[in-house]
Asker: 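Before I ask anything, here is the structure I am working with.
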Amino acid sequence: MEIANAVAYFHVGFTRPIVSKNIKLANILFDKECVAKLFDFTLSEAIPEGETHVNNGVVRATMEHVAAEYLHTGDFNEKSDVYSFSILLLQLLTGHESRECVEKYIENNRFDEIIDPMIVGDGLCPEKEHVI
């Protein structure tokens with residue numbers, strides 16, 4: 001939830017939206033209270049006033065986490081960050097780094113087979129096991 005809030009703040013908390021262009025598991029740390037923190041903003045850019053996207057002519061982002069539109073047009077906006085965040089969530093749900101691997105399961109209507117059993121399952125959730 002903390003990461004979603006951080007991304008949303010980037011998009012609406014400033015006079016001009018800021019896009020991260022680098023949302024991935026490797027850029028998330030936990031503090032001593034186990035609160036997730038997003039870091040490494042080296043690729044971040046503010047969307048110029050009057051524009052709906054950034055496009056500096058160079059595609060710079062973590063390739064496994066970017067929308068195909070960005071690769072084709074070079075246009076990156078808030079929706080592109082949301083796509084990257086969805087890939088992060090997919091990785092957390094499945095435990096797989098490659099979205100291509102997950103796509104094969106989805107295309108064959110077998111998504112339930114790839115979800116990490118620690119996330120869902122019968123009695124695998126620690127909170128369920130400790131309920132009296």
Side-chain angles (χ1 to χ4, degrees):
M1 192 61 137
E2 290 88 2
I3 302 305
N5 287 335
V7 172
Y9 183 72
F10 261 54
H11 295 169
V12 299
F14 299 93
T15 56
R16 295 183 303 169
I18 297 173
V19 289
S20 170
K21 298 173 75 174
N22 206 12
I23 299 170
K24 60 183 179 178
L25 286 175
N27 288 343
I28 297 174
L29 294 177
F30 292 91
D31 67 12
K32 61 185 176 182
E33 284 85 30
C34 292
V35 176
K37 303 287 184 179
L38 185 62
F39 76 101
D40 188 0
F41 303 103
T42 55
L43 298 179
S44 300
E45 292 185 60
I47 295 177
E49 183 134 358
E51 297 291 329
T52 59
H53 60 275
V54 293
N55 186 336
N56 57 13
V58 179
V59 174
R60 292 183 48 204
T62 303
M63 293 306 158
E64 267 299 305
H65 298 84
V66 297
E69 296 83 11
Y70 176 54
L71 295 175
H72 295 297
T73 66
D75 295 347
F76 200 99
N77 60 22
E78 299 99 317
K79 292 177 184 178
S80 306
D81 267 349
V82 172
Y83 178 86
S84 297
F85 182 73
S86 72
I87 296 298
L88 179 134
L89 292 177
L90 193 61
Q91 289 175 333
L92 290 174
L93 278 173
T94 64
H96 289 273
E97 288 289 320
S98 169
R99 91 177 154 219
E100 285 80 19
C101 175
V102 175
E103 285 173 355
K104 291 177 185 176
Y105 280 87
I106 292 171
E107 288 170 4
N108 294 314
N109 293 322
R110 296 174 44 215
F111 185 69
D112 57 332
E113 295 175 28
I114 199 168
I115 297 175
D116 189 332
M118 294 299 289
I119 304 291
V120 295
D122 208 4
L124 294 177
C125 181
E127 289 82 8
K128 289 181 183 176
E129 293 176 14
H130 296 291
V131 174
I132 298 177

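Given the structure is predicted, the values throughout are model-derived calculations rather than measurements. Hydrogens, waters and symmetry mates play no part in the numbers below; they use all other heavy atoms, side chains included.
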Asker: Going through the checks in order, is the side chain to side chain contact (heavy atoms under 4.5 Å, CB included) test met by N56 and E45?
Answerer: CA-CA 10 Å; N56 57 13; E45 292 185 60; 3.4 Å; yes

Asker: I114 versus C101: any side-chain heavy-atom pair under 4.5 Å?
Answerer: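 Result yes, sub-4.5 Å side-chain heavy-atom pair found.
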
Asker: If I compare all heavy atoms of R16 with all of A46, which pair ends up nearest, and what's the gap?
Answerer: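 Closest pair (atom of R16, atom of A46, distance): NH2-CB, 4.0 Å.
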
Asker: Flag yes if F85 and L92 sit in one hydrophobic cluster, no otherwise; membership is Ile, Leu, Val, Met, Phe, Trp, Tyr, and two members link when side-chain heavy atoms are under 4.5 Å apart.
Answerer: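 Same cluster.
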
Asker: Any idea which heavy atoms bring A36 and E2 closest together, and the distance?
Answerer: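 Closest approach of A36 to E2: O-CB, 3.4 Å.
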
Asker: In terms of hydrophobic clusters joined by side-chain contacts under 4.5 Å, are L90 and L38 together?
Answerer: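 Not linked; separate clusters.
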
Asker: So how far is it from E69 CD to D75 CG, rounded to the nearest 0.5 Å?
Answerer: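 Going from the CD atom of E69 to the CG atom of D75 covers 10.0 Å.
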
Asker: To the nearest 0.5 angstrom, please state how far the OG atom of S86 sits from the CD atom of Q91.
Answerer: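 Rounded to the nearest 0.5 Å, the OG-CD separation comes out at 10.0 Å.
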
Asker: If you measure from CD1 on I3 to CD1 on I28, what distance do you get to the nearest 0.5 Å?
Answerer: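 If I round to the nearest 0.5 Å, the distance is 4.5 Å.
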
Asker: Find the distance between NZ (K79) and NE2 (H53) and round it off to the nearest 0.5 Å.
Answerer: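 NE2 of H53 is found 12.5 Å from NZ of K79.
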
Asker: Take atom CD of E49 as the centre, draw a 6.0 Å sphere, and report whether it contains more than 12 heavy atoms from other residues, nucleotides or ligands.
Answerer: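 Open: at most 12 neighbouring heavy atoms sit under 6.0 Å from CD of E49.
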
Asker: Is there a side-chain contact between N27 and F41 (heavy atoms, below 4.5 Å)?
Answerer: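 No, every pair of side-chain atoms sits at 4.5 Å or beyond.
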
Asker: Working note: V59 + F76, criterion side chain to side chain contact (heavy atoms under 4.5 Å, CB included); need CA distance, chi angles, decisive distance, verdict.
Answerer: CA-CA 9 Å; V59 174; F76 200 99; over 6 Å; no

Asker: Check whether L25 and F39 end up in the same hydrophobic cluster, where Ile, Leu, Val, Met, Phe, Trp and Tyr are linked by side-chain heavy atoms less than 4.5 Å apart.
Answerer: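 They do not share one cluster, since no chain of ILVMFWY contacts under 4.5 Å joins L25 to F39.
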
Asker: Please tell me whether Y83 and Y70 form a close aromatic pair, meaning their ring centres lie under 6.0 Å apart.
Answerer: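 Between Y83 and Y70, the centre distance exceeds or equals 6.0 Å.
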
Asker: I'd like to know if Y9 and I47 are part of one continuous hydrophobic network [Ile/Leu/Val/Met/Phe/Trp/Tyr, side-chain heavy atoms within less than 4.5 Å].
Answerer: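 Different clusters.
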
Asker: Could you state the interatomic distance from CD1 (I23) to CD1 (I87), rounded to the nearest 0.5 Å?
Answerer: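 These two atoms lie 11.5 Å from each other.
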
Asker: Could you go through the side chain to side chain contact (heavy atoms under 4.5 Å, CB included) check for D112 and Y105 one step at a time?
Answerer: CA-CA 8 Å; D112 57 332; Y105 280 87; over 6 Å; no

Asker: Is there a donor in the side chain of N22 and an acceptor in the side chain of S20, or the other way round, less than 3.5 Å apart?
Answerer: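 No pair is found: no donor N or O on one side chain lies under 3.5 Å from an acceptor on the other.
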
Asker: Check the hydrophobic clustering (I, L, V, M, F, W, Y; side-chain heavy atoms under 4.5 Å; chains of links allowed) and say if V54 and F10 are grouped together.
Answerer: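 Different hydrophobic clusters.
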
Asker: Rounded to the nearest 0.5 Å, how far does NZ of K21 lie from CG of D81?
Answerer: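 D81 CG to K21 NZ: 9.5 Å, rounded to 0.5 Å.
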
